[in-house]
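I have placed the structure first, in the form of structure tokens, so that the comments after it can refer back to it.
All figures in this text were calculated on a predicted structure; none of them were measured in a lab. Scope of the values below: all heavy atoms of this structure, side chains included, with no hydrogens, waters or symmetry mates.
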Amino acid sequence: MLNPNSRSLFTDAITPPVGMKFGEAIATTFSFDPSLFLSFPLHLSLLAGSESEENMDGIALLESLRRVLGRITVFGDLGRMIVPNPPNILYGLLEPVFVEVRAPSWRRGGVFHPKIWFIKFESAVGEGSESIYRLLILSRNITKDRSWDVALTLDGRMTGRNKAVNRELGELIASLPSLATREMQPDRVAQIARLAEEIRKVEWDLPEGFDEIHFVAMGLKKRTWLPEYSNALAVISPFCSVNALKSLSETSDNPVALVSRPEVFQELSVSDTSFANCFTLDESSETEDGEEVLEEADVDTIGLHAKVYILEVGRKTHLIMGSANATDPALIDSQNVEIIAELIGSRKKVGGIEELLGSDGLGDLLVRIDNDDLKTEDLDAIEAEKRIETVRKCLTTTEMKIKCEEHLADDETIGVHIKGIPNFIDDCSVKCWPVSVKSDRGKLVAGENDVHFLGEFTPEQITGIIAFEISDIPTGSKLRFAINIPIENTPVGREAAILRAIINNRDGFLRYILMLLSDLAGGDSLDGIGKGWIGKLIRGNIEEVALLEEMVRAYSRNPERLTEIQSIIQKLASDGNTNSIIPPDFYEIWEVFKNSIEDQSV
């Protein structure tokens, strides 16, 4: 049922099935790392199918982003974006993709916490074929997390009517635009409405041994969620509260086991948990094959992060997984927005709590907790955390804007200001900078002035995704996060500047055109051209690829789409200087195709 040796890669889960290509997707998460997200389009577009990610340079990343970013939207809790490292000018392209939201009860401390991906794959061989829908119910955020997590992957197909089981999934997706902290692009709002209707009609293929599934979305309505009454209950949760654990235990004749993090049992006594047995993961199991953890590693990236509730009801096993911890905000008070999936199957087929705690399950990885020794609280650290969170809340509840100075044609850089910085408490300082540049360019800001100068930046470095670092002066504690802030007076040529900076030279231009042709001629899956030459492009061996042959191939299949090449040329020429990037010989070839396309249009 939950075998720790049965591991899967998230990138495998989002890669299109054989014969399919990426259509569109939405994702929800609590926290979000832009640096990790840059790799996802590689797998969605299958550009990663021919070469390892380590060999992918900015040109491959740029082309994979171009293929999918208009068709994917990610929703995350406001103020929980991780500051990416290293900086990258491509982060500016993610601004419309990542939509920051608040839980309906955010004023009471509620957070937006569901973790799902809903992906639509379309046939790569032509129109009229059936689409495949994939739903991922996760305990993992879109971060570089190294902790123990669980994921449920379901594939399904559209039916002709709404399925009652999908009602709350559809309600969660449909509610997303209303939770956004700023106005969304109309095409993305339409996408959400369309996918919310489609998910209601999908019939899911269930994992082997299970014959029922149910979904519950929490936090959109005021209601308590607890599992149905059971003969036995086991809970896996990295965060717990006494009241929630007590309420859970009262739903079962035998609350057998609680598995949590060591920190929980330093704050709660074992007797407080109301469970007969308490466990944590063995320290050696918290890292891959027990390797040493680097000192600078984030403490939140190791250990337990899975959320699972296992019930034995008669002869059935109920396996509940998703984003909800065993805490009051998640289960009792309905403060957090959460999503869980409940699978039901015969215990003979899928096992039960005994198998979970046995050697074929998590048994060999668990350490029993028998004492009631509570950790002495570090009062200074607690007070520092409160001060930092107060400042974070100030920043996430005020209306800030990025303002760009007027950009003259001869100017290489543009002055950038941030407006609306609130007043902070005296014991904290704040500095900020665009995530496209290094943190050493960060500027201290304070609330005495409404507008603060962030510095001079080239057009491609300008982004509304701004990193913040809050420092607690008494203790030296720091917290970094990023916010996606609206930009006033965005430079007209910013996208073209990013394009020129990534392409950089003539070899880069030819490689980019050939990658663009792979999409025009063969679709996202590249099946029509073959993956071998894409690998050569990624490695930079453009002399081995016949450009003219691939342009003819694309022209014969879909000549209208060659106009995308013209769009690229126009963007690169927007500053009046293309000689250093576009080879003169290419202009001669392109003029023939351009004239032919224009003649066909006439």
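- Between the side chain of Glu312 and the main chain of Ile353, a donor-acceptor pair closer than 3.5 Å is present.
- Side chain to side chain, Ser123 and Glu130 fail the donor-acceptor criterion of an N or O pair below 3.5 Å.
- Taking a cutoff of 4.0 Å between a charged side-chain nitrogen and a carboxylate oxygen, Asp187 and Arg194 do not qualify as a salt bridge.
- A side-chain N or O of Ser35 and one of Lys144 form a donor-acceptor pair less than 3.5 Å apart.
- To the nearest 0.5 Å, atom CD of residue Glu197 and atom CD1 of residue Ile192 are 12.5 Å apart.
- Annotation: side chain of Val101 is not in contact with side chain of Thr181 (no heavy-atom distance under 4.5 Å).
- His305 and Asp149 share a side-chain donor-acceptor pair at under 3.5 Å.
- Geometrically, Arg392 engages Phe481 in a cation-pi contact, judged by NZ or CZ lying under 6.0 Å from the ring centre and within 45° of the ring axis.
- Relative orientation of the Phe32 and Phe98 rings is parallel, given thresholds of 30° and 60° on the angle between their planes.
- Taking the side chain as every heavy atom from C-beta outward, Ile82 and Thr143 approach each other to under 4.5 Å.
- In this model, a donor atom of one side chain and an acceptor atom of the other lie less than 3.5 Å apart for Ser269 and Asp272.
- Salt bridge Glu168/Arg223: present, at least one basic N to carboxylate O contact under 4.0 Å.
- Just one residue in the list Ser139, Ser241, Pro238 forms a side chain to side chain contact (heavy atoms under 4.5 Å, CB included) with Asn325, and that residue is Pro238.
- Across all their heavy atoms, Leu93 and Leu69 have their closest contact at O-CD1, 3.8 Å.
- Considering Leu365, Ile236, Thr280 as possible partners of Leu304, the one that fulfils the side chain to side chain contact (heavy atoms under 4.5 Å, CB included) test is Ile236.
- With hydrogens and angles ignored, the 3.5 Å screen pairs no side-chain donor or acceptor of Thr251 with any backbone N or O of Glu228.
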Take Ser323 and Glu338 through the test side-chain hydrogen bond (donor to acceptor under 3.5 Å, both in side chains) and record every step on the way to the result. CA-CA 6 Å; Ser323 65; Glu338 310 275 4; 2.6 Å; yes
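- Residues Phe112 and Phe75 keep their aromatic ring centres 6.0 Å or farther apart.
- When all heavy atoms are compared, the tightest approach of Arg80 to Phe30 is CB-O, 3.3 Å.
- Taking a 6.0 Å sphere around NZ of Lys201, one finds it holds more than 12 heavy atoms contributed by other residues, nucleotides or ligands.
- Rounded to the nearest 0.5 Å, atoms CD1 (Ile310) and CE (Met321) are 8.0 Å apart.
- The nearest pair of heavy atoms linking Val97 to Ile72 is CG1-O, 3.6 Å.
- Between Ser31 and Ile142 there is no side-chain heavy-atom pair separated by less than 4.5 Å.
- The two residues Gly352 and Glu355 come nearest to each other via the heavy atoms N-OE1, 2.7 Å.
- Phe210 is listed as a side-chain neighbour of Leu319, based on a closest heavy-atom distance under 4.5 Å.
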Please evaluate residues Arg188 and Gln185 with respect to the criterion side-chain hydrogen bond (donor to acceptor under 3.5 Å, both in side chains), reporting the C-alpha separation (whole Å), side-chain torsions for both, the decisive distance (0.1 Å), and the verdict. CA-CA 5 Å; Arg188 293 187 184 274; Gln185 295 174 336; 3.0 Å; yes
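- Proximity of a side-chain donor or acceptor of Arg182 to a complementary backbone N or O of Asn484 within less than 3.5 Å is detected.
- Residue Thr273 forms a side chain to side chain contact (heavy atoms under 4.5 Å, CB included) with just one option from Cys240, Ser260, Ser249, Cys278, and that option is Cys278.
- Thr153 is listed as a side-chain neighbour of Arg134, based on a closest heavy-atom distance under 4.5 Å.
- Between atom OG of residue Ser230 and atom NE2 of residue His318 there is a gap of 8.5 Å, rounded to the nearest 0.5 Å.
- Within the 3.5 Å criterion, the main-chain N or O of Gly314 finds a donor-acceptor partner in the side chain of Arg347.
- Contact of the Tyr229 side chain with the Ser252 side chain is not registered, since no non-hydrogen atoms from C-beta on lie closer than 4.5 Å.
- With contacts defined as side-chain heavy-atom distances shorter than 4.5 Å, the pair Leu233/Val235 qualifies.
- Of the possible donor and acceptor atoms, none in the side chain of Asn336 sits under 3.5 Å from a partner among the backbone N and O of His113.
- In this structure, Glu203 does not pair ionically with Arg157, as no charged nitrogen and carboxylate oxygen lie closer than 4.0 Å.
- Distance alone, capped at 3.5 Å, is enough to place a donor-acceptor pair between the Tyr309 side chain and the Ala326 backbone.
- In this structure, the side chain of Ser105 does not engage the main chain of Arg108 through any donor-acceptor pair within 3.5 Å.
- Taking the six-membered ring where the residue is Trp, Trp204 and Phe215 present perpendicular rings, their angle passing 60° and hence far from 30°.
- Without hydrogens or angle criteria, Asp155 side chain to Ile132 main chain gives no donor-acceptor distance under 3.5 Å.
- Within 6.0 Å of atom NZ in Lys348, 12 or fewer heavy atoms from other residues, nucleotides or ligands are found, so the atom counts as exposed in its surroundings.
- Checked by atom type and distance alone, the side chain of Glu385 never pairs as donor or acceptor with a backbone atom of Ile382 at under 3.5 Å.
- The aromatic rings of Trp117 and Phe37 lie parallel to each other, their planes meeting at an angle below 30°, with 60° marking the opposite boundary.
- Remark: Arg167 engages Glu171 in a salt bridge, criterion side-chain N to carboxylate O under 4.0 Å.
- Between the side chain of Thr396 and the main chain of Leu78, no donor-acceptor pair closer than 3.5 Å is present.
- Considering only heavy atoms from C-beta on, Met81 comes within 4.5 Å of Glu100 through its side chain.
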